[in-house]
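One is the number of the first residue; the rest follow in order along the sequence. Here the structure is a predicted model, which means the values were calculated and not measured.
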Amino acid sequence: MNREELLAAIAPCGIDCVNCPVEERNVTPELQARIGVMLGLPPETIFCKGCRSDQKAPLCPETCATFVCSVSKGVDFCFACGEFPCSKFNPASDRADKLPHNLKVYNLCRMKMMGLERWLEEDACSTSFRYYRGKMVIGEGPKTGEE
């Protein structure tokens, strides 16, 4: 995977855009219709090409403070910043079952350790699956029932 493809596949904050349900290659007409109704927007406008593009999902803010920070620091990914992890990565329980914010630090640490391509190929999808479908087992971490 070349640099441009990696940058399109992974946000600076560690979100794996390539696995996002509203990413332009993943979004379904059903999801577009459901989100369109929620936001009062035409369904065909519900898709995203990632935070580094001009076509972000309508669910995302126009200006993401984390993205702006990464650009201002000259880093492609937050793990490359000398201040990582900063307060932008403080975990929050609000909507944690639907929003992947709490995955970011874990993802970024794994990317740094494994390398971007290897992380994307081997870890990104399974981590998201465990996050959204796993049940927390104290002392063991999230279990999906398939392990």
Hydrophobic clusters here meaning ILVMFWY residues chained together by side-chain heavy-atom distances under 4.5 Å, can you tell me if Ile35 and Leu41 are in one? yes
Heavy-atom donor-acceptor pair, Asn107 side chain to Gly14 backbone, under 3.5 Å: yes
How close do Leu120 and Ala9 get, counting heavy atoms only, and between which atoms? CD2-CB, 3.7 Å
Do the side chains of Lys135 and Lys143 get nearer than 4.5 Å, heavy atoms only? no
Give, for atom CE of Met111 and atom NZ of Lys104, the distance between the pair rounded to the nearest 0.5 Å. 11.0 Å
What is the distance from atom OG of Ser53 to atom CG of Leu7, rounded to the nearest 0.5 Å? 12.0 Å
Taking atom OG of Ser70 and atom NZ of Lys88, what is their separation to the nearest 0.5 Å? 10.0 Å
Could you check if a side-chain atom of Glu23 sits within less than 4.5 angstrom of a side-chain atom of Cys48, using non-hydrogen atoms only? no
When you measure from the side chain of Asp16 to the backbone N and O of Val18, does any donor-acceptor pair fall under 3.5 Å? no
Taking the six-membered ring for Trp, are His101 and Phe89 parallel (under 30°), tilted (30 to 60°) or perpendicular (over 60°)? parallel
Going only through I, L, V, M, F, W and Y residues with side-chain contacts under 4.5 Å, is there a path from Trp119 to Leu6? yes
Testing the basics here: between Phe77 and Ile10, what is the closest heavy-atom pair and its distance to 0.1 Å? CE2-O, 3.5 Å
With a 4.5 Å cut-off on side-chain heavy-atom distances among I, L, V, M, F, W and Y, is there a chain of contacts connecting Val105 to Met113? yes
If I compare all heavy atoms of Ser128 with all of Leu103, which pair ends up nearest, and what's the gap? OG-CD1, 4.2 Å
Can you tell if the side chain of Val27 reaches within under 4.5 Å of the side chain of Pro21, non-hydrogen atoms only? no
Shortest non-hydrogen contact between Tyr131 and Asn102, atoms and distance: OH-CB, 3.8 Å
Please determine whether residues Tyr106 and Tyr132 belong to a single hydrophobic cluster, defined as Ile, Leu, Val, Met, Phe, Trp and Tyr linked transitively by side-chain heavy-atom distances below 4.5 Å. no
From Arg130 CZ over to Thr127 OG1, what is the distance, rounded to the nearest 0.5 angstrom? 4.5 Å
Can you find a heavy atom in the side chain of Phe79 that is under 4.5 Å from one in the side chain of Leu116? yes
Can you see which heavy atom on Phe84 is nearest to which on Cys109, and at what distance? CE2-SG, 4.1 Å
Any side-chain heavy atom of Val22 within less than 4.5 Å of one from Phe47? no
Backbone N/O of Ile46 and side chain of Gln32: donor-acceptor pair under 3.5 Å: yes
In plain terms, say whether Arg3 and Asp76 are close enough for a salt bridge, that is, a side-chain N and a carboxylate O under 4.0 Å apart. yes
Just wondering, are more than 12 heavy atoms of other shown residues or ligands nearer than 6.0 Å to CD in Glu83? no
Could you tell me whether a side-chain N or O of Glu121 sits under 3.5 Å from a main-chain N or O of Arg118, the two making a donor and an acceptor? no
List the steps, then state whether side chain to side chain contact (heavy atoms under 4.5 Å, CB included) holds for Ile15 with Cys20. CA-CA 8 Å; Ile15 296 300; Cys20 177; 5.7 Å; no
Looking at Arg52 and Ala11, what are the two nearest heavy atoms and their distance? NH2-C, 3.6 Å
